[in-house]
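Comments concern the structure below.
Keep in mind that what you see is a predicted model, and the values were worked out from it rather than measured.
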Amino acid sequence: MKSKQIEIDLNADLGEYQSEKQYFIESQILSYISSCNIACGGHAGDEKSMQKIILACKQKGVAVGAHPSYPDREGFGRRRMSIDSSTLQESLIEQLQSFFFISEALNVPVSHVKAHGRLYNDVASDKNLANLLVSAIKEIDSNLCIVGPPNSMMANVARQSGSNFVAEAFLDRRYKDDGSLVDRDCSGAILGSLDERCEQARNIVCNQRVETESNKFIEIEAKTLCLHGDSPDALETAQLVRALLENENVLIKNFV
């Protein structure tokens, strides 16, 4: 009996570029991925950058998603923030509204929302924050998919709300034994070599497992695999991982 073909979505966090050179790299990455999370003003991005990346996604046939964050441009959304719930919810709704205003003007559908940086990590373990994010998303569009870590508070809250939750794993980040990500402040949190990234991608997609910081293997199930567009060698990583997975007869397609 023929085994079922493995399918995976490849996504990247984009729209974070600070120069034309970085934009060129982001636009090239789009040739190798199937969905994209676009910064919408919280940590990076503005009307012009959102418009450029959304249009580029449309041309490449890449599914479009919003990538909101804590309102922390100075810290690129990766710092802990002391912010009250109402202020945060107002910011998230504003970010999403800006993104949808542009996508609708360009006649490009939005498929999903994925939190960025510190917010992504915080909603994974904080039920109140996860509820706040889901509430903000549903105020914009209740049909949106929500992307986040598997076996997390975010996953539970999203599913309980009736949202379509899409479990995500990272090909360029180190994992702890409990399945969470090693904090970026720690040494080795980001996989530096192309070989490491490719091997992690293969393990996650083909074997549903990932090697942790203590060299243990833990089970992980993901519908989408993320590449950080601002990491060194991001374009080369996208090219190599796409080729590796296709060589393993994995079908790259978005989850929409």
Side-chain angles (χ1 to χ4, degrees), residues 8-69 72-78 95 98-99 102-103 106 108 110-118 120 147 168-174 181 184 189-202 204-205 224-247 250 252-254:
I8 193 72
D9 171 68
L10 285 182
N11 81 74
D13 301 337
L14 301 179
E16 299 171 339
Y17 63 88
Q18 302 295 318
S19 67
E20 281 304 309
K21 181 181 179 181
Q22 289 174 338
Y23 169 70
F24 177 77
I25 291 171
E26 288 198 8
S27 65
Q28 295 300 301
I29 288 172
L30 287 172
S31 297
Y32 302 96
I33 61 176
S34 46
S35 73
C36 179
N37 322 298
I38 302 172
C40 43
H43 68 288
D46 55 24
E47 185 176 335
K48 182 180 178 183
S49 65
M50 285 186 262
Q51 188 175 58
K52 285 177 76 170
I53 296 294
I54 291 172
L55 276 175
C57 286
K58 184 178 184 179
Q59 292 164 359
K60 300 278 189 177
V62 173
V64 165
H67 198 36
S69 72
D72 176 28
R73 294 180 75 90
E74 185 182 342
F76 202 68
R78 287 177 174 158
Q95 290 176 56
S98 298
F99 190 80
I102 294 166
S103 65
L106 297 173
V108 177
V110 178
S111 65
H112 65 280
V113 174
K114 172 189 164 183
H116 164 82
R118 177 60 63 178
Y120 182 95
V147 175
E168 176 183 53
F170 292 87
L171 63 86
D172 53 8
R173 292 292 309 277
R174 185 85 63 196
L181 296 172
R184 278 181 174 269
I190 299 168
L191 300 183
S193 78
L194 294 170
D195 286 346
E196 281 182 303
R197 295 174 186 182
C198 287
E199 183 60 24
Q200 181 143 305
R202 188 205 306 272
I204 292 169
V205 177
T224 185
L225 189 62
C226 179
L227 161 74
H228 287 96
D230 67 332
S231 62
D233 303 320
L235 177 56
E236 293 85 350
T237 302
Q239 293 167 332
L240 287 172
V241 167
R242 174 102 192 197
L244 178 153
L245 292 176
E246 289 182 336
N247 191 54
V250 174
I252 310 296
K253 61 176 291 190
N254 62 56

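Residues forming a salt bridge (Lys or Arg N to Asp or Glu O under 4.0 Å) with E16 (at least two apart in sequence, or on another chain): none. D230 pairs by the salt bridge (Lys or Arg N to Asp or Glu O under 4.0 Å) definition with R78, not counting sequence neighbours. Residues passing the side-chain contact (heavy atoms from CB on, under 4.5 Å) test with L191, sequence neighbours excluded: R174, E196, R197, Q200. For the salt bridge (Lys or Arg N to Asp or Glu O under 4.0 Å) test, residues two or more places apart in sequence or in another chain that qualify with E246 are R242. Every residue meeting the ring pair (Phe, Tyr, Trp, His ring centres under 6.0 Å) condition with H43, not counting sequence neighbours, appears here in chain and number order: H67, F76, H116. When the side-chain contact (heavy atoms from CB on, under 4.5 Å) test is applied to L240, the partners found at least two apart in sequence or on another chain are L194, C198.
Inter-residue side-chain proximity for I252 and L245 is flagged as met; some heavy-atom pair is nearer than 4.5 Å. Between D72 and R118 there is no side-chain heavy-atom pair separated by less than 4.5 Å. Between S98 and E47, the closest side-chain pair of non-hydrogen atoms is not below 4.5 Å. Side-chain contact between Y32 and L235 is present, with at least one heavy-atom pair separated by less than 4.5 Å. For the pair V147/S35, no side-chain contact is recorded, criterion being any heavy-atom separation below 4.5 Å from C-beta on. Side-chain atoms of C36 and K60, non-hydrogen and from C-beta on, never get closer than 4.5 Å to each other.
Between the side chains of D9 and N254, no donor-acceptor pair of N or O atoms lies under 3.5 Å.
Ion pairing between a basic and an acidic side chain is recognised when a charged N comes within 4.0 Å of a carboxylate O; K52 and E20 show such pairing.
Looking at every heavy atom in both residues, D172 comes nearest to S231 through OD2-OG, 3.9 Å. For the residue pair A56 and L30, the shortest heavy atom distance occurs at CB-CD1, 3.4 Å. Minimum interatomic distance between I29 and A12 (heavy atoms only, all atoms of both residues): CG2-CB, 4.1 Å.
The distance from the CG atom of N11 to the NE2 atom of H228 is 9.0 Å, given to the nearest 0.5 Å.
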- Query: Do L225 and V205 pass the side chain to side chain contact (heavy atoms under 4.5 Å, CB included) test, and can you show the C-alpha distance, the side-chain angles, and the key distance before you say yes or no?
  - Reply: CA-CA 8 Å; L225 189 62; V205 177; 3.8 Å; yes
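Of the possible donor and acceptor atoms, none in the side chain of E26 sits under 3.5 Å from a partner among the backbone N and O of I53. Distance alone, capped at 3.5 Å, places no donor-acceptor pair between the T224 side chain and the L10 backbone.
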